[in-house]
Protein chains: 2
Amino acid sequence: MQLRMTNQREMILRELKKSKRHLSADELYDIVKKVMPRISLATVYRNLEILSEKGVIRKLEISGRQKRFDFDVSDHDHIYCAMCHKVDNLNIERKNVNSEQLGVEAGYSITGYRVEVIGICPECQKKEKIKEKK
Amino acid sequence: MQLRMTNQREMILRELKKSKRHLSADELYDIVKKVMPRISLATVYRNLEILSEKGVIRKLEISGRQKRFDFDVSDHDHIYCAMCHKVDNLNIERKNVNSEQLGVEAGYSITGYRVEVIGICPECQKKEKIKEKK
DNA sequence: CTCCGTGCAAACGATTTGCACTATG
DNA sequence: CATAGTGCAAATCGTTTGCACGGAG
């Protein structure tokens, strides 16, 4: 099965790349819909799924109900805002973590690992301070 | 709002403790239902939510569609089987990871972090080998 | 002209919620 | 006896799927 480059697919890819953020399917849908009003949410889901299977983009399995997608396929970890659920990149020196060893101890064969830092992003910190003053 | 110790709550807590695994709400429901056939799945969800809010148990936000719950509240990380979605414990020396520093760089205030190793558990490795032989 | 991709609506799985009833403290 | 907790069913949320049609190669 080979991929075809449809307008929808191209647009989804372009908008995901343009936005430096890590978008969820419906956020991306809202963006693309402005240019392509007839596009279906199912199309967005299908494309994100296929493109991440092919390794063109990356599906992030992180905290929160929704999956998010990343145009940057290279190995890197994420920081997650507990308040607004935004996801930013993190550059941890991965050599520090010797997870392989630990996994082998438990009898597992390791395919990968991820580090997820949870915190409150600068924007939400400001909001909190404003609230506190009230 | 104070907590009351109902039969349902006690049972949920006991079964979660008894099982060394990291159960999902519906797995726990199936177990408890054997002793308490009239219990509702909603009750299980509500109790797991409340108990993890109070810090009695811990809600794991990990890979996979379902949330899982852990009787062990202490800081520790998890290894996740990509095939059967089972979750085991992992004992990483947490001092190795200097996530706080990185989070601060991005302007975040850090509340925690987690390391999640993904792999294939011993049982599923065996299953794979059997498949290959066919 | 083939068959991958689309839009739509319906189906789905996990979780949450409104309501009237029950039972703990 | 006040009010936290329950069971049930319906609602919700994110995501997936069946189907007939449309368009890329």
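Convention: sequence-line order gives letters A, B, ...; per-chain numbering from 1.
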Phosphate-side-chain proximity, A/Tyr45 and D/dT15, N/O vs OP1/OP2 below 4.0 Å: yes
Sugar-phosphate, base or nothing in reach of B/Asp26, heavy atoms under 4.0 Å: nothing
B/Arg4 backbone acceptor or donor facing B/Arg9 side chain under 3.5 Å: yes
Protein-nucleotide distance (A/Leu48, atom CG; D/dT15, atom C1'), rounded to Å: 12 Å
Sugar-phosphate, base or nothing in reach of B/Ile39, heavy atoms under 4.0 Å: sugar-phosphate
Rounded interatomic separation in angstrom, taking NZ from B/Lys59 and C1' from C/dA14: 13 Å
Whole angstrom value for the distance that separates C1' of C/dC8 from CG of A/Leu41: 12 Å
Polar side-chain atom of B/Glu27 near backbone of B/Ser24 as donor-acceptor pair, under 3.5 Å: yes
Distance, nearest 0.5 Å, that separates OG1 of A/Thr43 from CZ of A/Arg38: 11.0 Å
Closest to the B/Ala42 side chain, choosing from D/dG14, D/dA9, C/dT15: D/dA9
Whole-Å distance separating the CD atom of B/Glu10 from the P atom of D/dT6: 12 Å
Nucleotide-resolved protein contact map, nucleotides 19-25 of chain C, B/S/- at heavy-atom distance under 4.0 Å: ----BBS
Closest nucleotide among C/dT16, D/dT15, D/dG7 to the B/Glu49 side chain: C/dT16
A/Lys59, NZ atom: more than 12 neighbouring heavy atoms under 6.0 Å: yes
Any donor-acceptor pair under 3.5 Å from B/Thr111 side chain to A/Ile118 backbone: yes
Phosphate OP1/OP2 of D/dA24: any A/Arg9 side-chain N/O under 4.0 Å: no
Atom-pair distance (CG on A/Leu28; P on D/dG14), nearest Å: 15 Å
Nucleotide C/dT17, atom C1' - distance to CD1 of B/Ile50 in whole Å: 13 Å
Non-hydrogen atoms of B/Leu16 and B/Asp70 that approach each other most closely: CD2-C, 4.3 Å
Ring geometry between B/His22 and B/His78 (parallel below 30°, tilted from 30 to 60°, perpendicular above 60°): perpendicular
Spacing of B/Gln8 atom CD relative to D/dA4 atom P, expressed in whole Å: 17 Å
Among C/dG7, D/dG7, D/dG14, the one nearest A/Gln66 by side-chain distance: D/dG14
Nearest-Å distance for atom pair NZ/P, residues A/Lys33 and C/dC8: 11 Å
